[in-house]
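Worth knowing before you read on, the calculation uses all heavy atoms, side chains too, and leaves out hydrogens, waters and symmetry mates.
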Amino acid sequence: MGLFDFLKSDKKKHEAAEKAAATASADYAAKYADAVSATKAAAERMAAAAPPKPAPAPPKAAPVPPKAAAAAGHPHHTPTPMSAAHKAVPAVPAVPAVPAAPAGGPPRAAAKRAYTVRAGDSLSSIARRELGNEARWRELYAMNRGVIGSNPELIHPGQVLTLPH
């Protein structure tokens with residue numbers, strides 16, 4: 001085999017490799033296009049099935065700092081409907097207010113659940129038994145860090161822990 005024959009065979013190998021790469025690229029492009037269209041179709045189905053989103057609230061006006069208000073020609077505070085200056089001058093004669101009936105004292109806080117640690121307990125076993133999920137031991141520790149201390153693995157029988165709702 002001469003030098004020219006070798007170069008010809010090398011050229012044929014190179015052309016075959018280019019043809020294979022082009023075919024593979026075309027196959028990839030076809031698969032990619034199929035995946036893109038399937039994803040778009042799924043997104044459209046999900047959007048059609050989803051409830052409509054509420055309209056976004058209009059942005060609130062930024063409050064004007066006092067220095068900026070003074071520079072704009074407003075040397076004093078402008079009374080608003082909720083400010084004390086506005087309420088000081090009633091537009092309508094005041095009607096004496098009728099006191100409301102007592103509601104039985106201040107509103108009660110929701111009853112907190114407590115758990116007394118027993119021998120052999122761990123935060124994860126308490127979380128599994130009392131909260132239904134052993135992974136909530138971190139939440140239990142966060143609520144009771146003052147009682148437990150810095151080591152969540154060290155709890156003592158008789159400690160009273162507050163349970164999250």
*Ile155/Asn144 under side-chain contact (heavy atoms from CB on, under 4.5 Å): CA gap, chis, key distance, verdict*: CA-CA 11 Å; Ile155 59 174; Asn144 296 285; over 6 Å; no
*Is there a side-chain contact between Thr162 and Val147, using heavy atoms and a 4.5 Å cut-off?*
no
*For residues Trp137 and Pro152, report the shortest heavy-atom separation together with the two atoms involved.*
CZ3-CB, 3.9 Å
*Say you draw a straight line from CD of Gln159 to CD1 of Ile148; how long is it, rounded to the nearest 0.5 Å?*
6.5 Å
*To the nearest 0.5 Å, how far apart are CG in Leu163 and CG in Leu131?*
5.5 Å
_Glu153 atom CD, neighbour heavy-atom count above 12 within 6.0 Å_ = no
*Got a second to check how far Leu140's CG is from Ser122's OG, nearest 0.5 Å?*
10.0 Å
*Measure the shortest side-chain to side-chain distance between Pro157 and Asp121 over non-hydrogen atoms and say whether it is less than 4.5 angstrom.*
no
_Residue pairs, two or more places apart or on separate chains, that pass salt bridge (charged side-chain N to carboxylate O under 4.0 Å, His left out) and touch residues 137-148_ = Arg136-Glu139
*Between Pro164 and Met143, which heavy-atom pair has the shortest distance, and what is it?*
CB-SD, 3.3 Å
*Any side-chain heavy atom of Tyr115 within less than 4.5 Å of one from Arg129?*
yes
*asked:* Would you compute the distance between atom CG of Leu123 and atom CG of Leu161 and round it to the nearest 0.5 angstrom?
replied: 7.0 Å
